[in-house]
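Have a look at the structure below before the remarks.
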Number of protein chains: 4
Amino acid sequence: MLDTASWTPFVHRRIVVWGDTDSAAIVYTGRFLDFMLEAIEALLRERVGADWYRMNVDENIGTPFVNVRLDFKRPVTPREPLDIRVLVARVGRSSVTFAVQGDGAESSLLKFTGSATLVFVTARDVTGAGPRDIPDAYRRVLEMEAAGATALQG
Amino acid sequence: MLDTASWTPFVHRRIVVWGDTDSAAIVYTGRFLDFMLEAIEALLRERVGADWYRMNVDENIGTPFVNVRLDFKRPVTPREPLDIRVLVARVGRSSVTFAVQGDGAESSLLKFTGSATLVFVTARDVTGAGPRDIPDAYRRVLEMEAAGATALQG
Amino acid sequence: MLDTASWTPFVHRRIVVWGDTDSAAIVYTGRFLDFMLEAIEALLRERVGADWYRMNVDENIGTPFVNVRLDFKRPVTPREPLDIRVLVARVGRSSVTFAVQGDGAESSLLKFTGSATLVFVTARDVTGAGPRDIPDAYRRVLEMEAAGATALQG
Amino acid sequence: MLDTASWTPFVHRRIVVWGDTDSAAIVYTGRFLDFMLEAIEALLRERVGADWYRMNVDENIGTPFVNVRLDFKRPVTPREPLDIRVLVARVGRSSVTFAVQGDGAESSLLKFTGSATLVFVTARDVTGAGPRDIPDAYRRVLEMEAAGATALQG
């Protein structure tokens, strides 16, 4: 039986660097998709024991995204890091949807929210093949994350 | 009077380069937001006679994005450029929404669609101030683009 | 016999976009390596009929860089495009060295210079194998470019 | 008197992510300049108590780079993080030169070396003004770092 009692949401701390900013002296819009993807990969690495490189190269598993969305709430600058919380919002047969929220690490102010959905495929078929079932080892952890997220948002 | 009879949708051709790709031998997901933003800025430059740098630095006008969304339809590789069509979907009092579609320049295959909404603000107030009205000179051209888009999709 | 009489140096025009800039309202230092690599790949595509993606994926040829260098002469902004000239400075048995110069497309002011050396390898061996001879078809064009560059700087 | 007895070289650990890689299944060449700049800024933040954003926006101090160089020794992949050591190689009247070395965090294998020189300027004059003296508070710490680096390489 899965234990969600001790579960805590995954938070990825991201230092905001000079190179992330643009001439408006705030983080360039285009960087936020990188931030979201980095945070999702960090969850996969730390909670699922997987990363996209090993999945692709060693396990022949690809996970192309089918959809991403970002809503910007407040400007972000290098004055404080971002704490990017990643929840598993939904686990389908082949797809996983993540819900992301970025807060100022010191101010606790909400900076952005986002969502992203990926689909498991056979990697060598990434340019054409259809989806495949999520491997059981990944599914178990992803579903525990999803159960935690459901309890959190109760 | 604005002439929409000769209007054609704006298309930004983007060469896909090696550095855009990832280890799955397709374009990295994070690059598509850059593609969309580059294409929107190209429309502003060529149709509206503005670019974000001059707007910010010379005119004190900022246009932070409040929302972006991307739907990925087919993998993209450097085998062909992208033709990224940008339509002005909606012009509000302070906000503009763009609808973007990326096709393979040779294959004509649909690769991705996206939308993005920005808000006009006073640039020095970008970290806090509210929206401002779209300047008339910009509004006129943006509304002509929007009229063309409506006719196209009519 | 190769005709260098009609040879002209390859110049890659690069629009400078908002996302290239940082909070100092100039192009972020880190972007210049991308600019140089894009320009080198553009020369390969247009003069040699090759691009890194097809070389890797279709021909099993990798060209990892062993060295890059950049000297920054003047700040770059989106106020004008860059004209990036790429010369083939040296063709060895396995290696090619490029010499790059970026000028303001309108001002003609020198903005940066750079050099970069790559080595031909068998792509699947990129993580360990030694260099391989430059394929003849590539060598012929690269040597003509190098002859042109020598005549130019003669 | 400055105490270099307890000095240790600054090392910036960098997780290598999926988005850093290219279709050769190694880190894209262009990313290494970002890695080097991130590591230098991390040293400034942690040892000097400064970061480029606050220096520019709050203190009107710019530090444009005049030169960067990178030598690539072995391919980098997401299989292990990078440990990027940053030494202050030279402190001039207005300029600082950094020497950087990237090793595999688990393998300890040498991956790349690099150097970069920046010059202190008045930020609002970044597009034209000459260099200014390094502020004393920065100079003290930078010289201690340089003394440590000299002792290390003794």
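Chain A is the first sequence line, chain B the second, and so forth, proteins listed ahead of strands; every chain is numbered from 1.
Taking the charged nitrogens against the carboxylate oxygens, E145(C) and R47(C) do have a contact shorter than 4.0 Å, which makes a salt bridge. Looking at R14(C) and D20(C), a side-chain N of the basic residue comes within less than 4.0 Å of a carboxylate O on the acidic one, giving a salt bridge. R13(D) and D83(D) are joined by a salt bridge, as a carboxylate oxygen and a charged side-chain nitrogen come within less than 4.0 angstrom of each other.
Of the atoms belonging to D71(C), heavy atoms from both backbone and side chain fall under 4.5 Å from chain D. With a 4.5 Å cut-off on non-hydrogen atoms, Y28(C) touches chain D through its side chain but not through its backbone.
Ranked by non-hydrogen atom pairs under 4.5 Å with chain D, the options T117(C), L33(C), N67(C), V76(C) are led by N67(C). By number of non-hydrogen pairs under 4.5 angstrom with chain D, the leading residue of N56(C), V57(C), D34(C) is D34(C).
With no hydrogens or angles considered, no side-chain donor-acceptor pair links Y138(C) and E143(C) at under 3.5 Å.
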